[in-house]
Participant: 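Shown below is the structure under consideration.
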Amino acid sequence: MRKPVKLHRIAKAGHGQTKVMAVATAGLLNAKFIGDPSEFDELRHQQKAQQAHTVNVLLHLNQRLSQRAMVEALSLMAQARTVSILDYS
């Protein structure tokens, strides 16, 4: 059973004709693999909070990117994701 994602953020920006939208979800208390069933165990809640975290980012641009620009965009997204987890910890 899939549940709707309630904790997410959307950011939009643009420059000239280029528009970008990012959607980020953060499961910082319930790290899961794709397809895992959702569960919450109050007794293990504190332990889970100190384990691996998940941050998922979807980026949409209205323009094509060159291969170099795509690699740079992915690198920046990975860095931002890492910083967000480090800031949370």
Side-chain angles (χ1 to χ4, degrees):
M1 169 192 253
R2 294 181 186 253
K3 294 186 177 187
V5 176
K6 294 179 183 177
L7 299 176
H8 68 280
R9 293 291 182 263
I10 298 174
K12 297 178 183 181
H15 182 75
Q17 296 294 319
T18 304
K19 307 289 184 217
V20 63
M21 178 176 70
V23 179
T25 65
L28 297 176
L29 297 177
N30 61 346
K32 294 286 186 182
F33 287 103
I34 294 173
D36 283 351
S38 178
E39 65 181 53
F40 183 80
D41 182 352
E42 186 66 37
L43 297 176
R44 295 185 320 176
H45 177 70
Q46 292 299 326
Q47 293 172 335
K48 282 186 168 188
Q50 296 172 5
Q51 294 175 358
H53 307 306
T54 59
V55 175
N56 303 293
V57 180
L58 171 69
L59 190 63
H60 179 266
L61 288 95
N62 69 339
Q63 304 287 331
R64 288 187 180 264
L65 295 179
S66 68
Q67 236 179 343
R68 288 182 179 183
M70 195 175 305
V71 168
E72 181 69 15
L74 289 171
S75 175
L76 290 170
M77 284 177 33
Q79 291 174 42
R81 187 180 87 163
T82 301
V83 168
S84 70
I85 291 172
L86 292 173
D87 283 350
Y88 179 80
S89 301

Participant: NZ/Lys19 to CD/Gln17 distance, rounded to the nearest 0.5 angstrom?
Facilitator: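 Going from the NZ atom of Lys19 to the CD atom of Gln17 covers 7.0 Å.
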Participant: Heavy-atom count around Gln63 CD within 6.0 Å, excluding the residue itself: above 12?
Facilitator: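 Enclosed: over 12 neighbouring heavy atoms sit under 6.0 Å from CD of Gln63.
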Participant: Under 4.5 Å between side-chain heavy atoms, hopping through other hydrophobics if needed: is there a path connecting Leu58 to Leu65?
Facilitator: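 No: no chain of side-chain contacts under 4.5 Å links Leu58 to Leu65.
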Participant: Within this structure, what is the CG-CD distance for the pair Leu76 and Glu72, rounded to the nearest 0.5 Å?
Facilitator: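 Interatomic distance, Leu76 CG to Glu72 CD, rounded to 0.5 Å: 4.5 Å.
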Participant: Do you reckon Val20 sits in the same ILVMFWY cluster as Val23, going by side-chain contacts under 4.5 Å, direct or chained?
Facilitator: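 Hydrophobic grouping puts Val20 apart from Val23.
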Participant: Please report the interatomic distance OG1(Thr25) to CZ(Arg9), rounded to the nearest 0.5 Å.
Facilitator: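 The distance works out to 11.5 Å.
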Participant: Got a second to check how far Met70's CE is from Leu61's CG, nearest 0.5 Å?
Facilitator: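 Reported value, rounded in 0.5 Å steps: 9.0 Å.
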Participant: For Ala78, is there any backbone N or O sitting under 3.5 Å from a side-chain donor or acceptor partner on Thr82?
Facilitator: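 Here the side-chain-to-backbone pair exists.
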